Amino acid sequence: MRVPFLITVITTLAASLSACQTMTPEERRAADEQRCLGYGFRRGTDGFATCLQRIDLDRRAESRAQSAELMQSMAWDLNGPYIYRDHWRHHH
């Protein structure tokens, strides 16, 4: 039962990694710049830099969310639900 699960996880990770590799960093930067230019920002301005930063932060947040979702799914499949606990509280 665990072998099909591991195959699914490996396939999912491989697909995620290949999706990340479809664009080079230079191509991604050029696409981000075009997006900000499309919003009306001009190169060399604070607004343009902020636009690029927000795109990057959004991409990182999406990556973290996908990773957390995958880990949650793996934990559920292996052991049932995974519950985050407050580590700073005393549990009896």
Side-chain angles (χ1 to χ4, degrees):
M1 183 167 168
R2 288 189 180 192
V3 173
F5 168 72
L6 291 176
I7 292 171
T8 302
V9 169
I10 291 169
T11 304
T12 303
L13 287 173
S16 297
L17 290 175
S18 68
C20 294
Q21 300 300 322
T22 57
M23 294 180 92
T24 66
E26 294 80 15
E27 291 170 331
R28 188 176 306 116
R29 173 66 182 223
D32 292 349
E33 287 182 2
Q34 286 302 313
R35 190 170 172 192
C36 290
L37 290 169
Y39 291 146
F41 295 106
R42 294 185 192 174
R43 282 188 173 91
T45 64
D46 288 343
F48 189 77
T50 300
C51 177
L52 291 173
Q53 182 183 41
R54 288 182 178 169
I55 290 172
D56 185 54
L57 290 173
D58 184 52
R59 187 177 292 122
R60 290 178 188 202
E62 180 64 28
S63 176
R64 283 191 307 272
Q66 288 175 352
S67 177
E69 185 177 322
L70 177 61
M71 295 305 288
Q72 185 75 19
S73 156
M74 288 171 51
W76 177 266
D77 289 342
L78 289 174
N79 303 319
Y82 181 78
I83 301 170
Y84 295 98
R85 297 189 182 251
D86 296 324
H87 297 288
W88 55 87
R89 282 197 223 155
H90 178 70
H91 295 283
H92 295 280

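Keep in mind that what you see is a predicted model, and the values were worked out from it rather than measured.
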**Request:** Quick one: pull up CG in Asp32 and CD in Gln53 and give me the separation to the nearest 0.5 Å.
**Result:** 12.5 Å
**Asked** Do Asp56 and Arg60 pass the salt bridge (Lys or Arg N to Asp or Glu O under 4.0 Å) test, and can you show the C-alpha distance, the side-chain angles, and the key distance before you say yes or no?
**Response** CA-CA 6 Å; Asp56 185 54; Arg60 290 178 188 202; 3.1 Å; yes
**Prompt:** Which pair of heavy atoms, one from Arg42 and one from Phe48, lies closest together, and at what distance?
**Reply:** O-CB, 3.1 Å
**Item:** Nearest heavy-atom neighbours spanning Met23 and Arg28
**Value:** O-NH2, 3.4 Å
**Message:** Applying a strict under-4.5 Å side-chain criterion to I, L, V, M, F, W and Y, I'd like to know whether Leu52 and Leu57 cluster together.
**Reply:** no
**Residues, nucleotides or ligands: over 12 heavy atoms within 6.0 Å of Glu27 CD** = yes
**SB check Arg54 Asp58 (cutoff 4.0 Å)** = no
